[in-house]
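Accompanying notes for the structure given below.
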2 protein chains.
Amino acid sequence: MTETKARRRAGRPRVFDTDAALDKAVRLFWQRGYEATSMADLVAETGVAAASLYAAFGNKAGLFAAVIERYAATFSVHLYAPINDPALSTYEAVKGLLERAASSFSEPGTPAGCFMYSAAAAVSPASAAIECLLRDKRIAAEALLIERLQRGAAQGDLAANTDPAVLGKFINTVMEGMSVQARDGATTSELLSVAKMALDRWPAAI
Amino acid sequence: MTETKARRRAGRPRVFDTDAALDKAVRLFWQRGYEATSMADLVAETGVAAASLYAAFGNKAGLFAAVIERYAATFSVHLYAPINDPALSTYEAVKGLLERAASSFSEPGTPAGCFMYSAAAAVSPASAAIECLLRDKRIAAEALLIERLQRGAAQGDLAANTDPAVLGKFINTVMEGMSVQARDGATTSELLSVAKMALDRWPAAI
DNA sequence: CACGATATAGAACGATCGATAAATAATATC
DNA sequence: GATATTATTTATCGATCGTTCTATATCGTG
């Protein structure tokens with residue numbers, strides 16, 4: 001997509017670091033949500049003038065879309081790593097996912113919970129497209145989890161009488177609930193105990 | 001609190017029905033969240049002039065506080081009824097709670113999910129007090145659930161090695177996740193299957 | 001009927017919203 | 001160095017935000 005080292009574009013080069021600004025923006029949107037975060041907030045937090053943000057991202061929605069991708073690349077990738085790790089059993093993969101959720105959702109250095117779940121939980125009709133962006137991400141993530149379970153089932157790594165779609169939706173539901181819990185102040189150990197209880201429901205072979 | 005039939009207050013009587021207006025306001029805040037719902041929206045939806053709303057509720061935050069109580073009286077009471085039903089076993093109570101959550105969160109006539117979970121999921125610092133109002137409600141509801149489980153444990157209605165606090169937090173977490181799921185379009189039957197999986201391996205008394 | 005009290009409707013308040021126009025600065029290319 | 005292109009700064013735009021003012025309407029009470 002972007003030419004890595006080849007000829008730079010003409011004109012005055014950008015003086016601010018796009019990824020650094022996005023990292024700041026991620027935190028703001030994460031904490032306050034899409035509509036409650038104003039451009040003035042973003043200008044104050046990133047130190048980048050409004051016109052420069054608009055030149056780089058088009059508008060607030062475009063900036064948010066870039067923020068989503070930045071969050072996915074820096075946080076979601078780490079969260080879902082166990083799902084994509086072929087060395088793990090199906091159970092270990094889900095266990096790793098829930099344990100990472102427990103720790104990352106309550107990590108001190110970042111806002112509580114998951115950005116994907118709370119950044120646009122309830123918005124005005126004017127921002128329906130934004131809500132949809134995140135919803136699609138959530139649905140896609142659940143689908144990936146279910147696909148992982150289906151692979152496990154195909155390899156005999158899951159009880160035969162288990163519906164991967166139901167199990168995946170259950171796991172995903174617990175994870176979404178853990179985000180709400182984290183937002184309300186649940187500690188890592190509390191979230192871990194919740195994750196453990198969810199894994200206790202793991203379907204045993206008959 | 002309010003004098004039921006005694007001498008009415010002096011002055012021009014209120015022409016709009018407070019509860020009817022609150023019901024409309026509940027739907028708006030439920031769907032869009034606190035900050036994304038404007039006073040202009042509320043005026044348009046309720047048909048009550050802004051000045052009248054301010055006269056009745058003080059300001060937007062006061063109106064929202066009244067909306068919370070209205071929601072609690074009309075929806076939460078029904079949702080948590082099984083918890084307060086002494087005729088039900090501990091398992092039946094929790095089962096009833098989750099099943100009511102599954103159906104009410106996906107009921108066609110109302111916004112998806114639970115008002116308490118999504119109406120102020122992420123807000124600006126200016127509305128921190130509002131966020132706290134709902135958080136306190138959520139924490140209190142979880143405490144009531146845990147107390148119910150503790151009563152069950154005291155009566156030998158729960159496995160002796162079960163920690164009611166952990167089990168209650170787990171059930172509450174699943175319910176919160178079900179709200180996110182409902183917001184993303186999960187059907188009643190999908191939510192019921194999630195609830196069913198949460199209830200599997202219930203730690204009943206041996 | 002007069003008077004105080006409360007509610008109503010409509011207009012308008014200052015503040016903030018997302019977004020942009022105009023002028024200037026810094027680069028690549030010719 | 002001339003020119004085209006892009007980024008930055010500063011100021012500002014119209015719209016909307018929550019809220020309040022003003023004037024009027026409708027009640028209970030004396």
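Chain identifiers are assigned alphabetically (A, B, ...) following the order of the sequence lines, protein sequences preceding nucleic acid strands; residue numbering begins at 1 within each chain.
- Between A:Arg151 and A:Asp157 there is no salt bridge, since no side-chain nitrogen of the basic residue lies less than 4.0 Å from a carboxylate oxygen of the acidic one.
- Within residues 20-48 of chain A, the residues approached by DNA chain C to less than 4.0 Å at the level of any non-hydrogen atom are A:Thr37, A:Ser38, A:Met39, A:Ala40, in residue-number order.
- If you measure from atom CZ of A:Phe16 to atom P of D:dT9, you get 10 Å, rounded to the nearest angstrom.
- Using a cutoff of 4.0 Å between basic side-chain nitrogens and carboxylate oxygens, A:Arg138 and A:Glu142 are not scored as salt-bridged.
- Salt-bridge formation is detected for the pair A:Glu69/A:Lys137: a Lys NZ or Arg NE/NH1/NH2 atom is positioned less than 4.0 Å from an Asp or Glu carboxylate oxygen.
- Summarising the geometry, atom CG belonging to B:Leu28 is positioned 11.0 Å from atom OG belonging to A:Ser124; distances are rounded to the nearest 0.5 Å.
- Between the side chain of B:Gln181 and the backbone N or O of B:Met178, no donor-acceptor pair lies under 3.5 Å.
- At least one side-chain nitrogen or oxygen of B:Arg14 sits closer than 4.0 Å to the OP1 or OP2 atom of C:dA7.
- A:Glu131 and A:Arg135 are joined by a salt bridge, as a carboxylate oxygen and a charged side-chain nitrogen come within less than 4.0 angstrom of each other.
- Contacts with DNA chain C (heavy atom under 4.0 Å) in residues 51-64 of chain A: A:Ala51, A:Tyr54, A:Asn59, A:Lys60, listed by number.
- The backbone N or O of B:Ala198 lies less than 3.5 Å from a partner atom in the side chain of A:Arg201, making a donor-acceptor pair.
- What you find for B:Ala21 and B:Val48 is that their closest heavy atoms are CB-CG2, 4.4 Å.
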